[in-house]
Amino acid sequence: AQTVTQSQPEMSVQEAETVTLSCTYDTSESDYYLFWYKQPPSRQMILVIRQEAYKQQNATENRFSVNFQKAAKSFSLKISDSQLGDAAMYFCAYRTSGSRLTFGEGTQLTVNP
Amino acid sequence: ETGVTQTPRHLVMGMTNKKSLKCEQHLGHNAMYWYKQSAKKPLELMFVYSLEERVENNSVPSRFSPECPNSSHLFLHLHTLQPEDSALYLCASSQGLAQGSPLHFGNGTRLTVT
């Protein structure tokens with residue numbers, strides 16, 4: 001079975017500091033995509049960043065970057081210069097060919113002023 | 001309007017009621033999804049439609065009945081629900097089913113079954 005594990009139910013960070021959210025996954029597939037979504041209090045799931053398994057270069061989107069370790073099946077999200085608006089639930093997700101997008105249980109991020 | 005719109009935002013219903021959740025996407029996508037989000041649990045995929053045909057039915061009880069009349073609209077018809085069905089129901093859309101196609105989500109409907 002394909003699973004996604006986020007071992008940190010809650011994390012906190014000071015404004016302007018850097019925080020890393022961890023994610024591991026289990027799959028026998030070789031071709032897949034990994035995603036990070038954030039869910040603020042508005043409840044809408046918003047795509048933060050995505051990574052194709054075949055690409056060795058880590059994806060970056062402004063202050064958000066990932067550390068993708070394919071052999072270790074690890075996909076962590078680094079948020080630099082944290083802002084109050086980054087406070088949200090963050091979900092790691094995995095998708096292989098076909099329709100299923102498998103999510104982890106989420107990490108609640110608090111940003112302290 | 002842009003994006004994915006879900007109505008109603010909140011819904012309270014008794015176990016004998018019949019209600020429907022509505023989802024509309026304005027992104028020109030051809031695939032739509034229903035997810036269930038319960039507290040302390042990962043999102044659960046319920047149904048997937050591609051080009052208005054159901055391509056996945058993830059062992060969902062028959063008291064949940066989806067309908068996709070066209071590629072822009074998706075409904076979830078609810079009938080004789082149980083209290084454990086109380087959750088946030090999220091609709092999403094994507095352009096195709098390829099693994100690289102990101103899903104775009106709506107704000108969800110918070111359902112409470114009394």
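All chains are named by letter (A, B, ...) in the order of the sequence lines, taking the proteins before the strands, and each is independently numbered beginning at 1. Only heavy atoms go into these numbers, but all of them, side chains included; no hydrogens, no water, no symmetry mates.
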Shared hydrophobic cluster, B:L97 / A:M45 (ILVMFWY, side-chain heavy atoms < 4.5 Å):
yes
Using heavy-atom distances under 4.5 Å, tell me whether B:L88 contacts chain A through its side chain, its backbone, both, or neither.
side chain
Check B:S94 against A:R95 and note the closest heavy-atom contact, atom names and distance.
OG-NH2, 4.4 Å
For B:E53, does the CD atom have more than 12 heavy-atom neighbours from other residues, nucleotides or ligands under 6.0 Å away?
no
B:L43 and A:Q39: CA distance, side-chain angles, deciding distance, side chain to side chain contact (heavy atoms under 4.5 Å, CB included) verdict
CA-CA 12 Å; B:L43 274 74; A:Q39 187 179 36; 5.6 Å; no
hydrophobic_cluster_shared for B:L111 and B:L90, side chain cutoff 4.5 Å
no
With the 4.5 Å side-chain cut-off for hydrophobic clustering, are B:Y49 and B:L51 part of the same group?
no
Under 4.5 Å from a heavy atom of chain A, the part of B:Q6 involved
neither
Taking the side chain as C-beta and beyond, is there a heavy-atom pair between B:Y33 and A:L101 under 4.5 Å?
no
Please confirm whether the backbone N or O of B:L103 pairs with a side-chain atom of A:Y37, one donor and one acceptor, at under 3.5 Å?
yes
Output all residues satisfying salt bridge (charged side-chain N to carboxylate O under 4.0 Å, His left out) with B:E44, sequence neighbours left out; order by chain, then residue number.
B:K41
Mind checking side-chain contact (heavy atoms from CB on, under 4.5 Å) for A:I46 and listing every partner two or more places apart, or none if nothing turns up?
A:K38, A:P40, A:Q44
Residue part contacting chain A, namely of B:S50, when any heavy atom lies under 4.5 Å
neither
Closest approach of B:P102 to A:L47 (non-hydrogen atoms, all atoms of both residues)
CB-CD2, 3.5 Å
Would a single hydrophobic cluster contain both B:M32 and B:V60, if residues Ile, Leu, Val, Met, Phe, Trp and Tyr are joined by side-chain heavy-atom contacts under 4.5 Å?
yes
From CA spacing to verdict: side chain to side chain contact (heavy atoms under 4.5 Å, CB included), A:R43, B:Q37:
CA-CA 10 Å; A:R43 308 184 321 207; B:Q37 186 177 22; over 6 Å; no
So what's closer than 4.5 Å to chain A heavy atoms on B:T109: side chain, backbone, both or neither?
backbone
Out of B:S101, B:G96, B:G100, B:G108, which one racks up the most heavy-atom pairs below 4.5 Å with chain A?
B:G100
Partner residues of B:R9 under the salt bridge (charged side-chain N to carboxylate O under 4.0 Å, His left out) criterion, sequence neighbours left out
none
Check for me, please, whether B:M15 and B:F64 land in the same ILVMFWY cluster - side-chain distances under 4.5 Å, paths through other members count.
yes
Is there a side chain to side chain contact (heavy atoms under 4.5 Å, CB included) between A:Y33 and B:Q99? Walk through the geometry before answering.
CA-CA 6 Å; A:Y33 274 77; B:Q99 64 261 43; 3.2 Å; yes
Counting only non-hydrogen atoms closer than 4.5 Å, can you tell me which residues of residues 48-86 of chain A sit against chain B?
A:R50
